[in-house]
Amino acid sequence: MLEIKDVSVRYGVIEAIKRVSFEVNEGEIVTLIGANGAGKTTILKTISGLLRSSNGSITFKGRNITKADARTIVKAGISHVPEGRHVFGGMSVKENLDMGAFLRKDSKAIEEDLDRIFRSFPVLKERLNQDAATLSGGEQQMLAMGRSLLSSPDLILLDEPSMGLAPLFIQEIFNIIEEVNKRGTTVLLVEQNANVALEIADRGYVFETGKIVAAGTGKELLASDEVQKAYLGG
Ligand code: ATP
């Protein structure tokens with residue numbers, strides 16, 4: 001579904017991603033793990049058109065999106081939930097959700113999607129008219145995911161969804177990610193919380209200073225001594 005081939009990304013003279021290749025198949029949960037600064041956020045931003053690669057190609061559903069702009073990429077079916085959530089403060093939960101459907105015109109399908117999102121995140125329905133800025137961290141993460149799902153993506157990019165959340169909320173967010181995936185959305189997940197991410201992932205890639213240094217199924221990476229020592233505190 002998504003193919004990253006030989007992609008490099010630079011910030012001025014710094015090459016943050018060095019000829020990286022990986023793929024995400026339809027229906028999978030794939031996770032990218034690795035230390036701070038390894039380049040995980042950079043690759044997600046490059047996929048969603050917020051940054052440009054200096055080399056290589058990105059193909060989504062057979063279409064070359066390497067040079068496409070962010071709006072075109074959302075329309076093609078990729079939605080990005082950024083690190084730190086970025087919900088719109090000063091706007092209600094409902095207004096934030098409406099932003100997610102901005103590029104859609106199929107109002108009946110939007111209503112159905114909204115109903116499904118409220119089933120996954122009942123708290124959003126309870127707080128529909130509340131200012132998004134006053135939600136807790138976990139609730140903001142749910143809002144950011146709900147807003148993203150309202151664009152009806154085939155592929156959702158999640159950057160550190162567990163960041164700053166209490167353990168109970170982390171488990172809940174991961175349950176919801178699995179649920180969203182079971183309903184048909186392919187997931188590319190960046191996580192510091194590598195153990196939890198690998199448990200729900202079909203496959204994972206380990207990033208180190210802009211390169212992929214290990215790859216395997218979630219189970220294989222969890223069982224790998226090297227990966228345990230370097231990234232999982234094992
Ligand atoms: P984290 O989990 O800390 O966000 P990460 O794996 O997502 O880490 P990136 O944020 O992608 O890593 O950063 C990769 C490298 O690029 C780092 O060395 C970082 O310092 C550098 N970098 C990131 N953003 C910029 C920027 N805007 N300008 C210059 N360098 C940057």
Side-chain angles (χ1 to χ4, degrees), residues 2-24 28-58 60 65-70 73 78-87 137-138 140-141 144-145 148 155-167 169-170 173-174 177 186-201 203-216 218 221-222 224 226-234:
L2 177 75
E3 192 183 2
I4 311 293
K5 208 168 167 203
D6 268 343
V7 165
S8 303
V9 185
R10 326 180 127 267
Y11 295 105
V13 293
I14 300 166
E15 193 168 45
I17 298 288
K18 300 163 188 139
R19 289 189 163 264
V20 156
S21 300
F22 67 94
E23 76 279 328
V24 180
E28 282 188 315
I29 298 180
V30 171
T31 188
L32 310 180
I33 62 173
N36 276 324
K40 307 176 302 294
T41 295
T42 299
I43 194 77
L44 288 195
K45 285 184 175 168
T46 308
I47 295 167
S48 62
L50 301 173
L51 290 172
R52 284 272 172 259
S53 57
S54 56
N55 187 71
S57 67
I58 304 175
F60 180 62
I65 58 161
T66 318
K67 294 198 165 64
D69 60 30
I73 291 171
I78 299 180
S79 183
H80 185 168
V81 184
E83 189 173 7
R85 348 232 204 261
H86 299 288
V87 301
Q140 288 192 14
Q141 182 62 45
M145 283 175 65
S148 186
L155 172 66
I156 190 166
L157 312 178
L158 297 171
D159 197 350
E160 305 266 3
S162 79
M163 197 203 285
L165 302 187
F169 257 137
I170 296 181
I173 290 288
F174 275 81
I177 295 170
T186 304
V187 176
L188 180 58
L189 168 68
V190 160
E191 260 297 342
Q192 287 283 319
N193 216 318
N195 272 310
V196 196
L198 288 172
E199 267 167 31
I200 67 161
R203 292 186 304 111
Y205 295 92
V206 181
F207 275 69
E208 198 177 293
T209 54
K211 288 184 182 151
I212 293 174
V213 293
L221 292 174
L222 272 174
S224 149
E226 241 166 87
V227 173
Q228 277 291 338
K229 270 202 205 96
Y231 305 102
L232 306 175

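Bear in mind the structure is a predicted one, so any value in this text is a computation, not a measurement. Start at 1 and go down the list; that is how both ligands and their atoms are numbered.
In this structure, NZ on K40 lies 8.0 Å from CD on E83, to the nearest 0.5 angstrom. Within the model, atoms CG of L188 and OG1 of T31 stand 7.5 Å from one another, a figure rounded to the nearest 0.5 Å. With values rounded to the nearest 0.5 angstrom, F22 atom CZ is found 5.0 Å from L32 atom CG.
With hydrogens and angles disregarded, no donor-acceptor distance shorter than 3.5 Å links the side chain of Q192 to the backbone of M163.
Protein heavy atoms all stay at least 4.0 Å away from atom 20 (O) of ligand 1.
Atoms of ligand 1 found under 4.0 Å from any heavy atom of A16 (numbered from 1 in listed order, with element): 15 (C), 16 (O). The distance from ligand 1 to the heavy atoms of E160 drops below 4.0 Å at these ligand atoms: 2 (O). Close approach of ligand 1 to A38 (heavy-atom distance below 4.0 Å) involves ligand atoms 5 (P), 6 (O), 12 (O). Residue E83 has at least one heavy-atom neighbour below 4.0 Å for each of these atoms of ligand 1: 4 (O). Remark: ligand 1 atoms within the under-4.0 Å shell around heavy atoms of Q192 are 2 (O). Remark: ligand 1 atoms within the under-4.0 Å shell around heavy atoms of A35 are 6 (O).
With respect to atom 3 (O) of ligand 1, the closest heavy atom belonging to the protein is N36 OD1, 2.9 Å. If you check which protein heavy atom lies closest to atom 13 (O) of ligand 1, you get T42 OG1, 3.7 Å. When hydrogens are left out, the protein atom nearest atom 12 (O) of ligand 1 is G39 N, 3.1 Å; that is the closest non-hydrogen contact. The protein heavy-atom contact nearest to atom 23 (C) of ligand 1 is Y11 CE1, 3.3 Å. Of the protein's heavy atoms, T41 CB, 3.6 Å lies nearest to atom 10 (O) of ligand 1.
Between Q141 and V81 there is a side-chain heavy-atom pair separated by less than 4.5 Å. The side-chain heavy atoms of Q228 and N195, taken from C-beta on, include a pair separated by under 4.5 Å. By the 4.5 Å heavy-atom criterion applied to side chains, H80 and K45 are counted as neighbours.
Residues meeting the ring pair (Phe, Tyr, Trp, His ring centres under 6.0 Å) test with F169, sequence neighbours left out: none.
In terms of heavy atoms, S48 sits closest to L157 at CB-CD1, 4.0 Å.
Taking only non-hydrogen atoms, the option from G37, G210, G84 nearest to atom 14 (C) of ligand 1 is G37.
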